[in-house]
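This one's a predicted model, so the numbers in the text were calculated from it and none came from an experiment.
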2 protein chains.
Amino acid sequence: MARSQGAELALLLLGGFQSMVDDVHGELAHRGHEGVRASHEFALRAIDEGADTASELGRRLSVSKQGAAKTITALEKLGYLRREPDSLDARLKRLRVTDRGHDMMALGASLFDEVRERWAAQMGPGQLASLEAHLARLVAHRPSSVDAAARLNEDLGETT
Amino acid sequence: MARSQGAELALLLLGGFQSMVDDVHGELAHRGHEGVRASHEFALRAIDEGADTASELGRRLSVSKQGAAKTITALEKLGYLRREPDSLDARLKRLRVTDRGHDMMALGASLFDEVRERWAAQMGPGQLASLEAHLARLVAHRPSSVDAAARLNEDLGETT
DNA sequence: TATGAATCGACAACGGGGTTGTCTACTCCG
DNA sequence: CGGAGTAGACAACCCCGTTGTCGATTCATA
């Protein structure tokens, strides 16, 4: 059985992700954004794109609202967002990304893009594009766990 | 800035990994191997390939030996390995993969390979092979965090 | 041969990132 | 008005990893 090619592929995908994230966060730390984690990046992006309450963020990230709240607490401590009461709905705490938060997002985005550019240079832009297209189809095309969990949440109403 | 293509690529890689792992572990659970986690699979493989002590496993996986020990404890509880004293060196506990452990590894490997086959069918075997080759180069070719940490461990002697 | 350095594994405490369950406050609809 | 649904906070827990410390053992060497 030597080694499972399938298992190795999985490891390569994970390794690729970690490689990118390590590069980006190492550089982020050098530029005044220490303590940033991968989840912070992506959560902040989702918030800025409209998921501006804890519950909504949880839905977007397919995570419980309590889980999302923990990330939000971390982001607030790091100074990347503020929690403000909503004027119309007193249940809500509206999330607003701070200037520092936007700085970090912009920097993170450009660093990620740099890494991607390096990859494109090594493997050729066409190859990279087709890799992305395939991955997107393969990942989107699964009715499995994550999406199933998301659907479950919607179907069952609130558990919490 | 719309969305960072680089960040999306990272997410795709992570999603690809999770997609594979979810598929495999869902099926593993259906076949009598509930409770298996991604880390268990890969750790058991490393052990079977020769990393048969906690410290050595830690080195192979680039984690602390305490971290490796926790995985080992979990694997032992699940019945996938046994810890036996070494006859020559009383400090060591030799790790031996049980029959059930070999079953799980074989099943996991074939499930991973199945997923990979499906991917190959969708994107074409040549495309997949070149994706793997590129990823392997990109991941191996970084003198960064993980390997750096591994080297640090060797250089500094034992911290623990 | 005795001793000091290195290594092994175990244990405790902690942090990050998740989970579930419970709770109160609030909105919204009939 | 009252009940159903939703928001967020809090507690307790799990997993996986970390560092630091420890006693036991081996090994090198003076």
Side-chain angles (χ1 to χ4, degrees), chain A residues 14 18 21-22 25 34-43 47 51-59 61-78 81 83-95 145-146 149-150 152-160, chain B residues 14 18 21-22 25 34-43 47 51-59 61-78 81 83-95 145-146 149-150 152-160:
Chain A
L14 180 60
Q18 288 183 334
V21 168
D22 285 353
H25 288 287
E34 287 117 50
V36 177
R37 316 242 148 205
S39 61
H40 297 158
E41 279 255 2
F42 300 111
I47 291 167
D52 66 346
T53 68
S55 293
E56 179 57 27
L57 181 61
R59 282 185 290 257
L61 302 181
S62 297
V63 146
S64 68
K65 62 183 181 182
Q66 295 91 334
K70 288 202 180 185
T71 303
I72 290 168
T73 300
L75 286 169
E76 197 179 18
K77 266 193 203 132
L78 289 170
L81 60 79
R83 241 186 279 230
E84 317 184 328
D86 185 273
S87 49
L88 299 177
D89 188 336
R91 292 170 304 177
L92 273 55
K93 297 276 180 70
R94 221 93 230 185
L95 305 175
S145 59
V146 167
L152 261 183
N153 267 344
E154 283 175 11
D155 292 349
L156 297 178
E158 290 267 312
T159 311
T160 160
Chain B
L14 180 60
Q18 288 183 333
V21 168
D22 286 352
H25 287 267
E34 288 116 50
V36 176
R37 315 238 149 207
S39 60
H40 297 158
E41 278 255 2
F42 300 110
I47 291 166
D52 66 346
T53 69
S55 294
E56 180 57 26
L57 181 62
R59 281 184 291 256
L61 302 181
S62 298
V63 300
S64 66
K65 62 183 181 182
Q66 295 91 335
K70 289 202 178 185
T71 302
I72 290 168
T73 301
L75 286 169
E76 196 179 18
K77 267 192 203 133
L78 289 169
L81 60 79
R83 241 187 279 231
E84 317 185 329
D86 186 272
S87 49
L88 299 178
D89 188 337
R91 294 171 303 177
L92 274 55
K93 296 276 179 68
R94 222 93 230 185
L95 305 176
S145 59
V146 166
L152 262 183
N153 267 345
E154 283 174 11
D155 292 348
L156 298 178
E158 292 265 312
T159 311
T160 161

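Spacing between atom CG of B/L57 and atom P of C/dT7 amounts to 18 Å, rounded to whole angstrom units. Taking atom CG on A/L61 and atom P on C/dG18, their separation rounds to 8 Å, with Å as the unit. Protein atom NZ of A/K65 is 15 Å distant from nucleotide atom C1' of D/dA11, rounded to whole Å. Atom CG of A/L14 and atom P of D/dG17 are 11 Å apart (whole Å). Regarding B/L75, its CG atom lies at a distance of 13 Å from the P atom of D/dC15, rounded to whole Å. Distance, A/Q18 CD to C/dG16 C1': 15 Å, rounded to whole Å. We find that CG of B/L95 is positioned 14 Å from C1' of C/dA10, with the value rounded to whole Å. Distance A/L78 CG to C/dG17 C1': 14 Å, rounded to the nearest Å.
Among the heavy atoms of the strands, none lies under 4.0 Å from A/A69. In this structure, B/L88 reaches the sugar-phosphate backbone alone: every heavy-atom distance under 4.0 Å involves primed, P, OP1 or OP2 atoms, never a base. No engagement by B/I72 is indicated, since no non-hydrogen atom pair under 4.0 Å with the nucleic acid exists. Heavy atoms of A/R83 sit under 4.0 angstrom from primed sugar atoms or phosphate atoms, though from no base atom.
At least one side-chain heavy atom of B/L14 sits under 4.5 Å from a side-chain heavy atom of B/Q18. In this structure, the side chains of A/T73 and A/R83 come closer than 4.5 Å at one or more pairs of heavy atoms. Within the 4.5 Å cutoff, no side-chain heavy atoms of A/I72 are placed close to those of A/K65.
Judged by atom type and distance alone, B/K93 does not reach the base of C/dG9 through any side-chain donor-acceptor pair under 3.5 Å. Judged by distance alone with a 3.5 Å cut-off, a donor-acceptor contact links the side chain of A/K70 to the base of C/dG18. The base of D/dT26 has none of its N or O atoms less than 3.5 Å from a complementary donor or acceptor on the side chain of B/R91.
Taking every side-chain heavy atom of B/R37 into account, D/dC15 is the closest of D/dC15, C/dG18, D/dT18. If you check D/dT26, D/dA12, D/dT19 against the side chain of B/Q66, the one that comes closest is D/dT19. Set against C/dT27, C/dG18, D/dT18, the side chain of B/S64 has D/dT18 as its closest nucleotide. For A/D89, taking side-chain heavy atoms from C-beta onward, the closest of the listed nucleotides C/dT27, C/dT20, D/dA7 is C/dT27.
OP1 or OP2 of C/dC8 sits under 4.0 Å from a side-chain N or O of B/R59. Look at A/S55 and you won't find any side-chain N or O under 4.0 angstrom from OP1 or OP2 of D/dT6.
Nucleotides of DNA chain D nearest to A/D52 and B/S39 differ in position, and the one nearer the 5' end is that of A/D52. Place A/A90 and A/A74 on DNA chain C by their nearest nucleotides, and A/A74 ends up nearer the 5' end. In terms of position on DNA chain C, the residue among A/A68 and B/R94 whose nearest nucleotide sits closer to the 5' end is B/R94. Along DNA chain D, the nucleotide closest to B/H40 and the one closest to A/T53 are compared, and the more 5′ of them pairs with A/T53.
Rounded to the nearest 0.5 Å, atoms CG (A/L75) and CD1 (A/I47) are 5.5 Å apart. Put simply, CG on B/L57 and OG1 on B/T71 are 7.0 Å apart, with the number rounded to the nearest 0.5 Å.
In terms of modelled atom types and a separation under 3.5 Å, the side chain of B/H25 and the main chain of B/V36 share a donor-acceptor contact.
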